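Just below is one structure, and these are the notes that go with it.
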Amino acid sequence: MKMFVCGMCGHIEFGEAPEKCPVCGAPKKAFTEDANALKQPADPKNLTEGDKKHIPVITVNKQCSLVPGCTDVHIKIGEILHVMEAKHWIMWIDVYQDYKWVARYQMAADKINPVVSAHLKSGTGKVTAIENCNVHGKWLAEVQL
Ligand SMILES: [Fe+2]
């Protein structure tokens with residue numbers, strides 16, 4: 001699927017550029033198609049320590065303790081927890097359902113662990129998480145609900 005990157009906030013849209021960025025409001029002309037917007041492990045069957053620190057780990061819990069009927073999606077960066085330090089941190093995590101953006105979680109460099117929970121109203125479809133490391137770029141993970 002084609003990817004379009006917002007030149008203002010780095011948000012990725014799938015399929016086509018939107019009329020305006022759903023995250024920062026930048027106009028359509030701010031988007032650039034970029035097939036290489038995401039980092040990928042060199043060998044998916046043999047992940048390096050660097051890969052394991054960046055690929056999101058998604059856990060689904062269909063029994064939300066806060067909202068009846070809600071589906072919890074926990075996203076942790078990554079299998080080896082990524083550092084959150086002034087010079088190197090996970091700036092944000094974008095969450096999508098069926099390739100439509102549903103949330104951005106923006107994080108301070110040194111105040112919080114790189115873990116978020118999305119509370120989805122619908123418990124069906126595909127969830128995609130993209131994290132943005134300020135040093136190592138954007139990494140994706142997906143899960144079918
Ligand atoms: Fe990193």
Side-chain angles (χ1 to χ4, degrees), residues 1-14 17-18 20-68 70-123 125-145:
M1 198 179 311
K2 287 184 176 179
M3 292 186 288
F4 294 84
V5 183
C6 176
M8 293 290 286
C9 74
H11 170 67
I12 294 175
E13 281 281 303
F14 293 99
K20 65 174 191 173
C21 178
V23 174
C24 75
K28 190 174 203 158
K29 64 178 174 5
F31 280 80
T32 308
E33 188 181 351
D34 184 357
N36 300 310
L38 297 170
K39 305 291 182 191
Q40 309 248 9
D43 180 359
K45 292 195 175 111
N46 205 352
L47 297 179
T48 65
E49 191 174 319
D51 296 333
K52 290 178 183 175
K53 288 177 179 172
H54 290 96
I55 298 169
V57 176
I58 302 174
T59 309
V60 176
N61 180 4
K62 299 224 172 191
Q63 302 285 320
C64 176
S65 62
L66 299 175
V67 182
C70 167
T71 295
D72 283 5
V73 176
H74 301 285
I75 301 160
K76 178 185 165 203
I77 317 299
E79 180 184 333
I80 301 172
L81 194 69
H82 191 279
V83 294
M84 293 296 276
E85 297 170 348
K87 288 182 178 165
H88 185 197
W89 81 102
I90 304 302
M91 300 169 74
W92 47 256
I93 300 170
D94 274 354
V95 182
Y96 306 73
Q97 194 164 17
D98 290 331
Y99 298 105
K100 297 279 188 296
W101 175 78
V102 296
R104 168 169 292 194
Y105 301 88
Q106 189 106 26
M107 290 177 283
D110 55 355
K111 304 274 190 272
I112 193 162
N113 284 313
V115 182
V116 299
S117 295
H119 292 258
L120 300 177
K121 290 185 173 185
S122 161
K126 181 174 270 191
V127 170
T128 302
I130 295 177
E131 65 92 345
N132 186 21
C133 168
N134 74 311
V135 176
H136 300 107
K138 297 175 187 138
W139 299 69
L140 171 148
E142 293 185 317
V143 66
Q144 191 72 39
L145 292 178

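This one's a predicted model, so the numbers in the text were calculated from it and none came from an experiment. Only this structure's heavy atoms are used, side chains among them; waters, hydrogens and symmetry mates stay out. Throughout, residue positions are numbered sequentially from 1 according to the sequence presented.
Among residue pairs with one or both ends in residues 45-62, those qualifying as side-chain hydrogen bond (donor to acceptor under 3.5 Å, both in side chains) are Thr48-Asp51, Glu49-Lys53, His54-His82, His54-His136; sequence neighbours excluded. Legend: ring pair (Phe, Tyr, Trp, His ring centres under 6.0 Å) pairs involving residues 27-51, not counting sequence neighbours: none detected. Residues in residues 80-109 take part in these salt bridge (Lys or Arg N to Asp or Glu O under 4.0 Å) pairs, two or more places apart or across chains: Asp94-Arg104. Screening residues 25-44 for salt bridge (Lys or Arg N to Asp or Glu O under 4.0 Å), with sequence neighbours left out, gives Glu19-Lys28. Counting only residues at least two apart or on different chains, no salt bridge (Lys or Arg N to Asp or Glu O under 4.0 Å) pair has a member in residues 70-80.
The environment of Gln63 atom CD is sparse: at most 12 non-hydrogen atoms of other residues, nucleotides or ligands sit within 6.0 angstrom.
The distance from the OG atom of Ser65 to the NE2 atom of His119 is 7.0 Å, given to the nearest 0.5 Å. Trp139 CH2 to Ile130 CD1: the interatomic distance, rounded to the nearest 0.5 Å, is 13.0 Å. Here His74 contributes atom NE2 and Ile58 contributes atom CD1; the two are 12.0 Å apart, rounded to the nearest 0.5 Å.
Residues satisfying the ring pair (Phe, Tyr, Trp, His ring centres under 6.0 Å) test with Phe14, not counting sequence neighbours, are Tyr96, Tyr99. Taking Glu142 as the reference, Lys126 meet the salt bridge (Lys or Arg N to Asp or Glu O under 4.0 Å) condition, with sequence neighbours excluded. Shown here are the side-chain hydrogen bond (donor to acceptor under 3.5 Å, both in side chains) partners of Ser122, two or more places apart in sequence or in another chain: Thr124. Under the side chain to side chain contact (heavy atoms under 4.5 Å, CB included) criterion, Pro22 pairs with His11, Glu13, Pro18, Trp101, sequence neighbours left out. Residues satisfying the side chain to side chain contact (heavy atoms under 4.5 Å, CB included) test with Val102, not counting sequence neighbours, are Val95, Gln97, Leu120.
When all heavy atoms of Lys138 and Gly10 are compared, the pair lying nearest together is NZ-O, 2.9 Å. Among all heavy-atom pairs drawn from Pro56 and Ala141, the shortest one is O-CB, 3.2 Å. Considering every non-hydrogen atom in both Met84 and Pro114, the closest pair reads CG-CD, 3.5 Å. The two residues Gly123 and Leu145 have their closest heavy-atom pair at O-CB, 3.5 Å.
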Mind listing the side-chain donor-acceptor pairs of residues 105-113 below 3.5 Å, one per line with the distance, residues two or more places apart or on another chain?
residue	atom	partner	partner atom	Å
Tyr105	OH	Ser117	O	3.3

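Test Leu81, Ile77, Val57 against Val115 for side chain to side chain contact (heavy atoms under 4.5 Å, CB included) and you get one pass: Leu81.
Counting heavy atoms from C-beta outward, Leu140 and Ile12 have side chains that stay 4.5 Å or more apart. Using a 4.5 Å cut-off on side-chain heavy atoms (C-beta onward), Pro41 and Ile55 make contact.
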How far apart are the C-alpha atoms of Met8 and Cys21, what are their side-chain angles, what is the distance that settles it, and do they pass the side-chain contact (heavy atoms from CB on, under 4.5 Å) test?
-> CA-CA 9 Å; Met8 293 290 286; Cys21 178; over 6 Å; no
